[in-house]
Amino acid sequence: MPELPEVETIVRGLKSELVGQRVREFVFLSPHLEKKQLPGSFQPAAYEGRKILDIWRRGKMIIIKFDGQLGLLVHLKMTGQLFLTEPEQRIDRHTHALLRFYHLKKELRFRDIRKFGFLNCLALTQIEAKVDQNLGPEPLEIDLASWKWLLKTHGQKRLKNWLLDQKIIAGIGNIYSDEMLFRARLKPFRLAGSLTDQEATRLYRAMRRVLTEAISLKGSSISDYVDASGEKGRFQERHRVYAREGQLCPRCRQEKIIRKKINGRSTFFCPSCQD
DNA sequence: AGCCCATCCTGTCCGC
DNA sequence: TGCGGACAGGATGGGC
């Protein structure tokens with residue numbers, strides 16, 4: 001479900017309500033969550049009585065910091081949700097974990113229909129090590145020179161795969177990669193190393209524009225994505241190519257948007273105005 | 001090194 | 001209506 005803008009939106013919502021809250025109760029509701037815990041994990045009960053000190057995002061991962069050097073590392077993958085809700089709200093079979101607090105009416109729930117996501121109970125040091133070894137730089141923090149260098153050092157990859165590779169750049173997923181390539185007027189099949197200096201700059205600017213605009217509109221709500229407080233995003237209204245197969249290209253109005261699989265992912269682009 | 005594909009799951013939608 | 005297949009915002013690992 002969520003890519004960087006959606007995760008950023010969720011994190012901002014959670015942070016504003018949860019920092020300073022002390023945990024009253026933390027329970028796993030599904031056995032599969034326990035199976036996904038890594039060696040060295042803590043039991044949920046170890047978090048009870050602890051206070052949330054900070055919440056932040058790294059790529060598509062969410063990190064919650066508690067006192068006592070404890071942390072939670074959450075990845076929502078395709079269908080995961082992390083949201084605050086009234087305790088009266090029904091708990092369905094897709095809700096896998098639950099946190100209750102002493103001085104907050106709402107509770108935090110982790111829900112995930114397809115069960116691809118994870119919620120790991122780890123020491124902060126372990127979380128930081130894991131995040132650092134799996135993720136490249138933040139796309140909104142990298143400078144243009146480093147961006148160009150990364151294009152050259154992974155020059156044999158197609159742009160689509162280059163953008164999706166979390167070890168190269170962290171946080172971009174299937175929707176935003178297509179939207180960036182469209183705005184930069186570059187074909188997803190182009191090799192990263194083949195870009196001219198000007199094209200590399202164009203992609204960098206498109207990347208920044210798409211991500212910042214999507215964050216300001218609170219992400220893209222397709223199917224049932226909502227943020228931490230249940231609000232929908234609005235960036236889906238600005239999608240130019242994603243899921244628009246067969247529709248006239250909004251830029252050249254000559255060709256129809258086509259869909260091709262790249263590395264098993266549907267990729268949408270205009271065959272005429274992306275080079 | 002990077003590709004393609006299957007895999008982990010559940011739900012929805014589309015054609016017959 | 002029912003049934004089978006394709007597909008879905010992600011990431012990994014094996015084979016080539």
Side-chain angles (χ1 to χ4, degrees), chain A residues 1-11 29-38 57-62 73-83 92-96 110-120 130-131 133-136 139 150-181 188-194 210-211 214-215 217-227 232-246 259-268:
Chain A
M1 177 199 328
E3 304 179 33
L4 187 152
E6 292 76 34
V7 177
E8 178 65 27
T9 303
I10 291 167
V11 162
L29 303 169
S30 326
H32 92 271
L33 248 199
E34 277 157 66
K35 286 190 219 129
K36 286 200 177 186
Q37 297 304 308
L38 302 170
R57 173 192 66 72
R58 186 68 175 83
K60 300 172 196 169
M61 304 216 199
I62 298 167
L73 179 64
V74 182
H75 197 310
L76 302 172
K77 295 286 182 87
M78 299 280 262
T79 53
Q81 298 172 309
L82 199 55
F83 59 100
D92 69 5
R93 68 195 194 90
H94 302 301
T95 305
H96 308 305
F110 175 63
R111 183 171 181 270
D112 184 9
I113 292 175
R114 292 173 74 179
K115 300 194 186 106
F116 290 172
F118 58 76
L119 180 152
N120 285 336
K130 190 177 154 119
V131 157
Q133 81 180 59
N134 286 306
L135 300 180
L150 285 173
L151 282 166
K152 291 294 175 201
T153 51
H154 302 271
Q156 291 307 109
K157 279 178 103 83
R158 292 166 168 182
L159 285 179
K160 171 79 176 193
N161 292 332
W162 186 86
L163 288 167
L164 288 181
D165 190 330
Q166 304 299 301
K167 288 201 163 107
I168 301 176
I169 299 279
I172 298 167
N174 206 36
I175 295 178
Y176 294 104
S177 57
D178 284 4
E179 294 298 321
M180 288 167 194
L181 289 168
F189 310 99
R190 283 282 296 278
L191 295 187
S194 78
V210 165
L211 292 179
I215 290 170
L217 294 176
K218 302 187 169 197
S220 303
S221 284
I222 71 169
S223 126
D224 55 0
Y225 164 78
V226 288
D227 70 13
K232 289 199 170 202
R234 301 198 315 279
F235 191 73
Q236 67 282 3
E237 297 159 16
R238 307 273 182 99
H239 291 175
R240 294 282 169 264
V241 284
Y242 181 79
R244 299 177 76 90
E245 183 185 18
R259 163 161 76 163
K260 281 215 156 61
K261 288 260 184 202
I262 300 183
N263 244 357
R265 312 300 302 276
S266 277
T267 301
F268 301 89

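Every chain is numbered from 1 and lettered A, B, ... according to where its sequence line falls, protein lines coming before strand lines.
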How many Å lie between CG on Leu163(A) and C1' on dG9(C), as a whole number? 15 Å
Can you confirm if the NZ or CZ of Lys60(A) lies within 45° of the ring axis of Phe116(A) and under 6.0 Å from the centre of its six-membered ring? no
Whole-Å distance between dG2(B) P and His154(A) NE2? 7 Å
How close or far is atom C1' of dC3(B) from atom NZ of Lys160(A), stated in whole angstroms? 15 Å
Identify each atom pair where a protein N or O and an N or O of nucleotides 4-6 of chain B are less than 3.5 Å apart, giving names and distance.
from, atom 1, to, atom 2, distance (Å)
dC4(B), OP2, Arg158(A), NH1, 3.0

Closest to the Phe116(A) side chain, choosing from dT10(B), dC9(B), dA11(C): dC9(B)
Taking side chain as C-beta onward, heavy atoms only, is Leu181(A) less than 4.5 Å from Arg190(A)? no
Taking the six-membered ring for Trp, are Tyr176(A) and His239(A) parallel (under 30°), tilted (30 to 60°) or perpendicular (over 60°)? perpendicular
Which residue is it: His96(A), Lys35(A), Arg93(A)? I am looking for the one with a side chain to side chain donor-acceptor pair (under 3.5 Å) to Ser30(A). His96(A)
Base, sugar-phosphate, or nothing: which does Ser220(A) touch, judged by heavy atoms less than 4.0 Å apart? base
Expressed as a whole number of angstroms, how long is the span from Arg190(A):CZ to dG2(B):P? 17 Å
Salt-bridged, Arg240(A) to Asp178(A), with N to O below 4.0 Å? no
Looking only at the side chain of Arg93(A) (C-beta and beyond, no hydrogens), which of the listed nucleotides dT10(B), dG10(C), dA8(C) gets closest? dT10(B)
Side-chain touch Ile172(A)/Met180(A), heavy atoms, less than 4.5 angstrom: yes
Would you please test Arg158(A) and Ile262(A) for side-chain contact (heavy atoms from CB on, under 4.5 Å) and show each step? CA-CA 9 Å; Arg158(A) 292 166 168 182; Ile262(A) 300 183; 3.9 Å; yes
Can Arg259(A) and Ser266(A) be counted as having a side-chain donor-acceptor contact under 3.5 angstrom? yes
For DNA chain C, which residues in residues 166-174 of chain A have a heavy atom at a distance below 4.0 Å? Gln166(A), Gly173(A), Asn174(A)
Just by modelled atom types, is the Tyr242(A) backbone N or O under 3.5 Å from a matching donor or acceptor in the Glu179(A) side chain? yes
Whichever of Leu164(A) and Phe268(A) has its nearest DNA chain C nucleotide further upstream toward 5': Phe268(A)
dA11(C) versus dG11(B) - spacing of their P atoms, nearest Å: 22 Å
Between dG2(B) and dG9(C) - C1' atom distance, rounded Å: 24 Å
Expressed in whole Å, how much space separates the P atoms belonging to dC7(C) and dC4(B)? 16 Å
Lys60(A) vs dG10(C): side-chain N/O to OP1/OP2 distance below 4.0 Å: yes
Against the side chain of Arg259(A), the closest entry in dG10(C), dA8(C), dG2(B) is dA8(C)
Nearest to the Tyr242(A) side chain among dA11(C), dG9(C), dG2(B), which nucleotide is it? dG9(C)
Assess whether side-chain contact (heavy atoms from CB on, under 4.5 Å) is satisfied between Ile169(A) and Trp162(A), documenting all intermediate values. CA-CA 8 Å; Ile169(A) 299 279; Trp162(A) 186 86; 4.3 Å; yes
Roughly, in whole Å, what's the span from CZ in Arg265(A) to C1' in dC7(C)? 11 Å
Hey, does the side chain of His94(A) come within less than 4.0 Å of dC9(B)'s phosphate (OP1/OP2), counting only N and O? no
DNA chain B: 5'-proximal contact among Arg114(A) and Thr153(A) (nearest heavy atom): Thr153(A)
Round to a whole Å and report the spacing from CE of Met78(A) to C1' of dA6(C). 13 Å
Is any side-chain heavy atom of Asn263(A) closer than 4.5 Å to a side-chain heavy atom of Lys160(A)? no
Does dA11(C) have OP1 or OP2 sitting under 4.0 Å from an N or O in the side chain of His75(A)? yes
Asp112(A) side chain near Leu119(A) side chain, heavy-atom distance below 4.5 Å: no
With rounding to the closest Å, how many angstrom separate the P atoms on dA6(C) and dC5(B)? 13 Å
Quick one: is dA1(B) close enough that its OP1 or OP2 comes under 4.0 Å of any side-chain N or O from Lys157(A)? no
Mind pulling the stems DNA chain B is in, i.e. runs of at least three Watson-Crick or G-U pairs, everything under 3.5 Å? B:2-8 with C:10-16, B:10-16 with C:2-8
Distance, rounded to the nearest Å, where Asp112(A) contributes CG and dG9(C) contributes C1': 12 Å
Is there side-chain contact between Pro5(A) and Ile215(A), with heavy atoms separated by less than 4.5 Å? yes
Integer-rounded Å distance: dC3(B) P and Gln156(A) CD: 9 Å
